[in-house]
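Only heavy atoms go into these numbers, but all of them, side chains included; no hydrogens, no water, no symmetry mates. Being a predicted model, the structure only gives us computed values, none of them experimental.
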Amino acid sequence: MRPTPDEYFMEMAHLASKRATCIRHNVGCVVVKEKRILATGYNGAPKGLKHCEEVGCVRTQLNVPHGERHELCRGLHAEQNAIIQAAVFGVSIKNSTFYSTHYPCSICAKMLINAGIKEIVYDKNYEDELAKQILSESNIIVRKFKK
């Protein structure tokens with residue numbers, strides 16, 4: 001059976017998450033505009049640096065709870081990597097839709113707002129109350145993926 005556009009792009013976000021090198025979460029996202037993929041992202045260490053799989057997780061070592069102190073991590077989030085990928089290749093993601101395996105954190109939420117994203121479709125919840133508050137104040141449509 002042919003997947004709907006939501007099913008198709010969410011499956012691609014899940015495929016991107018398989019490249020993640022984070023020990024705690026495998027997150028992937030796909031940036032789409034007019035049913036065309038503009039960029040993808042997954043979470044992991046910056047280009048050329050050792051991955052957490054190799055050197056260990058700073059957040060685990062410091063006992064940082066999920067959804068808190070996002071700056072205490074050597075990796076970039078999937079959303080951040082997708083935004084950077086678009087910027088590096090000169091692709092505007094304004095008015096696009098983000099398909100993500102997880103609800104964005106507060107840092108990524110702010111970046112998505114400033115990038116001009118019009119919609120976020122997420123599959124799994126992520127406990128970050130500030131992100132929910134920030135996105136509720138924005139003009140971004142946020143919806144949970146329905147299988």
> Taking all atoms of both residues into account, what is the closest heavy-atom pair of T101 and S17, and its distance?
Replying inline: CG2-CB, 4.1 Å
> For T97 and R143, what are the C-alpha separation, side-chain angles and deciding distance, and is it a side-chain contact (heavy atoms from CB on, under 4.5 Å)?
Replying inline: CA-CA 11 Å; T97 299; R143 62 184 172 90; 5.6 Å; no
> If you look only at pairs with a residue in residues 40-53, which of them pass as a salt bridge (Lys or Arg N to Asp or Glu O under 4.0 Å), with sequence neighbours excluded?
Replying inline: none
> Which value, rounded to the nearest 0.5 Å, describes the distance between K110 atom NZ and S138 atom OG?
Replying inline: 13.5 Å
>> With side-chain contact (heavy atoms from CB on, under 4.5 Å) as the criterion, how do C108 and Q80 come out once you've worked through the C-alpha distance, each side chain's angles and the decisive distance to 0.1 Å?
In response: CA-CA 7 Å; C108 290; Q80 295 166 349; 3.8 Å; yes
> Which hydrophobic side chains are connected to L76, either touching it within the sub-4.5 Å cutoff or through other members that do?
Replying inline: V31, L38, I83, I84, V88, F89, V91, I93, F98, Y103, I107, M111, L112, I113, I117, I120, Y122, Y126, L130, I134, L135, I140, V142
> Can you name the side-chain contact (heavy atoms from CB on, under 4.5 Å) partners of E137, sequence neighbours left out?
Replying inline: Q133
> Of all residues at least two apart in sequence or in a different chain, which pass the side-chain contact (heavy atoms from CB on, under 4.5 Å) check with H102?
Replying inline: H25, V27, K124
>> Give me the atom names and distance for the closest heavy-atom approach of A39 to A82.
In response: CB-O, 3.6 Å
> Who are the salt bridge (Lys or Arg N to Asp or Glu O under 4.0 Å) partners of E11, not counting sequence neighbours?
Replying inline: none
> So, the side chain of K33 versus the backbone of K94: is there a donor-acceptor pair under 3.5 Å, distance only?
Replying inline: yes
>> Test question: given the 4.5 Å side-chain rule for I, L, V, M, F, W and Y, name all other residues clustered with L62, or answer none.
In response: V58, V64, L72
> Quick one: salt bridge (Lys or Arg N to Asp or Glu O under 4.0 Å) partners of K147, sequence neighbours excluded?
Replying inline: D123
>> Show me the pairs that pass salt bridge (Lys or Arg N to Asp or Glu O under 4.0 Å) and involve residues 66-86, at least two apart or across chains.
In response: R69-E71
> More than 12 non-hydrogen atoms from neighbouring residues, nucleotides or ligands closer than 6.0 Å to CG on N139, yes or no?
Replying inline: no
> Nearest heavy-atom pair of N26 and A20: which atoms, and what distance?
Replying inline: OD1-CB, 3.6 Å
> Which pair of heavy atoms, one from C57 and one from R24, lies closest together, and at what distance?
Replying inline: SG-CD, 3.7 Å
>> Using a 4.5 Å cut-off between side-chain heavy atoms of Ile, Leu, Val, Met, Phe, Trp and Tyr, which other residues end up in the same hydrophobic cluster as V30?
In response: Y8, F9, M10, M12, V32, I37, Y99, V121, F145
> Has E34 got more than 12 heavy atoms of other residues, nucleotides or ligands less than 6.0 Å from its CD?
Replying inline: no
>> Looking at K118, is its backbone amide N or carbonyl O close enough to the side chain of N95 to form a donor-acceptor pair, meaning the two atoms are under 3.5 Å apart?
In response: no
> Nearest heavy-atom pair of A16 and G41: which atoms, and what distance?
Replying inline: CB-O, 3.8 Å
> Rounded to the nearest 0.5 Å, what separation is found between the SG atom of C52 and the CD atom of Q61?
Replying inline: 9.0 Å
>> Going by the rule side-chain hydrogen bond (donor to acceptor under 3.5 Å, both in side chains), which residues pair with T60 if we only count those two or more places apart in sequence or in a different chain?
In response: none
> Do you know the tightest heavy-atom contact between C22 and N43?
Replying inline: CB-ND2, 3.2 Å
>> Under the criterion side-chain contact (heavy atoms from CB on, under 4.5 Å), I'd like the reasoning laid out for Q85 against T40: C-alpha separation, chi angles, the key distance, then a yes or no.
In response: CA-CA 7 Å; Q85 182 187 81; T40 64; 3.9 Å; yes
>> Tell me every residue that passes side-chain hydrogen bond (donor to acceptor under 3.5 Å, both in side chains) with R19, counting only those two or more places apart in sequence or in another chain.
In response: Y42
> What distance do D128 atom CG and C105 atom SG have between them, rounded to the nearest 0.5 Å?
Replying inline: 6.0 Å
>> Can you list everything that forms a salt bridge (Lys or Arg N to Asp or Glu O under 4.0 Å) with E129? Sequence neighbours excluded, please.
In response: K132
